[in-house]
Amino acid sequence: MKLNLVKERKKVALGSSNSRGGVLLSVLLTLFLFSFLWLQLLTTYQQTIDFTNRTRRSYQAKIAKELFLADYPQLAKEKGQWHFTQGELVYQKQSENLKITVQIQGKSFSFTEPLEEITKK
């Protein structure tokens with residue numbers, strides 16, 4: 001009887017081996033959950049930054065093209081380059097179209113505009 005009483009006191013004082021394993025498992029699952037959520041947050045943040053940069057470059061290329069088209073009727077050359085602060089625009093007249101390539105921060109954007117629409121403006 002005394003032996004059983006001593007064992008019970010040890011279990012109460014130190015906790016049973018089952019409760020320790022349960023705490024460890026809970027801690028590991030919580031750690032995994034927070035790690036997974038943190039990884040998802042970082043991935044979403046990086047994707048948002050990448051999308052924002054690509055969108056900004058795309059709009060810069062479109063604006064450069066429109067500014068160039070405003071000046072194009074005064075240009076007499078068949079092909080050439082046009083430099084601006086963010087990059088470079090290369091144009092070439094093809095039969096009935098004007099092929100425009102805009103390079104901004106290492107990325108290239110190509111546009112094709114009909115010549116008859118440009119001369120109407």
Side-chain angles (χ1 to χ4, degrees):
M1 178 102 160
K2 280 188 171 182
L3 188 59
N4 287 339
L5 187 59
V6 171
K7 286 183 181 180
E8 287 296 322
R9 285 185 186 165
K10 280 187 177 181
K11 283 186 179 181
V12 170
L14 300 175
S16 69
S17 60
N18 288 339
S19 68
R20 286 183 185 170
V23 170
L24 178 64
L25 185 60
S26 299
V27 169
L28 288 176
L29 287 174
T30 305
L31 184 64
F32 172 75
L33 178 66
F34 283 120
S35 298
F36 179 74
L37 291 174
W38 181 250
L39 182 64
Q40 291 299 321
L41 179 70
L42 287 177
T43 304
T44 303
Y45 178 71
Q46 288 174 347
Q47 288 174 342
T48 302
I49 288 175
D50 183 50
F51 177 73
T52 303
N53 289 335
R54 285 186 289 128
T55 303
R56 184 182 319 119
R57 276 184 288 215
S58 174
Y59 279 115
Q60 287 174 342
K62 290 177 184 179
I63 290 169
K65 177 194 74 149
E66 291 298 326
L67 289 173
F68 170 75
L69 290 176
D71 290 339
Y72 179 74
Q74 289 84 23
L75 299 175
K77 296 180 181 178
E78 295 284 322
K79 62 181 178 178
Q81 293 181 344
W82 195 62
H83 299 279
F84 56 99
T85 57
Q86 297 293 324
E88 176 182 64
L89 182 142
V90 178
Y91 67 94
Q92 180 177 6
K93 189 186 271 188
Q94 299 172 339
S95 62
E96 297 178 6
N97 294 322
L98 180 66
K99 182 172 173 32
I100 301 170
T101 304
V102 181
Q103 291 184 346
I104 295 178
Q105 299 174 354
K107 300 294 180 182
S108 183
F109 301 89
S110 296
F111 304 98
T112 304
E113 294 287 325
L115 285 173
E116 58 188 42
E117 287 185 18
I118 297 169
T119 54
K120 287 179 186 178
K121 294 180 182 179

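Here the structure is a predicted model, which is why all the values come from computation and not from measurement. Only this structure's heavy atoms are used, side chains among them; waters, hydrogens and symmetry mates stay out.
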_side chain to side chain contact (heavy atoms under 4.5 Å, CB included) evaluation trace for Phe111 with Leu89_ = CA-CA 11 Å; Phe111 304 98; Leu89 182 142; over 6 Å; no

*Report yes or no: do Val90 and Phe68 belong to one cluster of Ile/Leu/Val/Met/Phe/Trp/Tyr joined by side chain heavy-atom distances under 4.5 Å?*
no

*In Å, rounded to the nearest 0.5 Å, how long is the span from CD of Gln94 to NZ of Lys99?*
6.5 Å

*Tell me the salt bridge (Lys or Arg N to Asp or Glu O under 4.0 Å) pairs involving residues 79-96, sequence neighbours left out?*
Glu78-Lys93

*Distance from Asn97 atom CG to Leu115 atom CG, nearest 0.5 Å?*
6.5 Å

*Sorted by first residue and then second, give each salt bridge (Lys or Arg N to Asp or Glu O under 4.0 Å) pair with at least one member in residues 42-58; sequence neighbours left out.*
Asp50-Arg54

*Could you name each residue pair satisfying salt bridge (Lys or Arg N to Asp or Glu O under 4.0 Å) that touches residues 22-49, not counting sequence neighbours?*
none

*Taking all atoms of both residues into account, what is the closest heavy-atom pair of Leu69 and Glu113, and its distance?*
CD1-CG, 3.9 Å

_Does Asp71 form a side chain to side chain contact (heavy atoms under 4.5 Å, CB included) with Leu67? I'd like the steps, not just the answer._
CA-CA 7 Å; Asp71 290 339; Leu67 289 173; over 6 Å; no

*Could you tell me the separation between the CG atom of Leu33 and the CG atom of Leu28, rounded to the nearest 0.5 Å?*
12.5 Å

*Within residues 23-65 or reaching into it, pairs that qualify as ring-ring contact (aromatic ring centres under 6.0 Å, His included) - sequence neighbours excluded*: none

*Kindly indicate, with the supporting measurements, whether the criterion side chain to side chain contact (heavy atoms under 4.5 Å, CB included) is fulfilled by Val102 and Ser108.*
CA-CA 6 Å; Val102 181; Ser108 183; over 6 Å; no

*Inter- and intrachain pairs under salt bridge (Lys or Arg N to Asp or Glu O under 4.0 Å), touching residues 30-47, at least two apart*: none

*For the atom pair OG (Ser35) and CG (Leu37), what is the distance rounded to the nearest 0.5 Å?*
9.0 Å

*What are the two closest non-hydrogen atoms of Ser110 and Thr101, and how far apart are they?*
OG-OG1, 3.9 Å

_Once rounded to the nearest 0.5 Å, what's the spacing between atom CD of Gln47 and atom CG of Leu42?_
11.5 Å

*Check ring pair (Phe, Tyr, Trp, His ring centres under 6.0 Å) between Phe109 and all other residues, then give those that pass, not counting sequence neighbours.*
none

_Derivation of the side chain to side chain contact (heavy atoms under 4.5 Å, CB included) call for Phe84 and Ile63_ = CA-CA 11 Å; Phe84 56 99; Ile63 290 169; over 6 Å; no

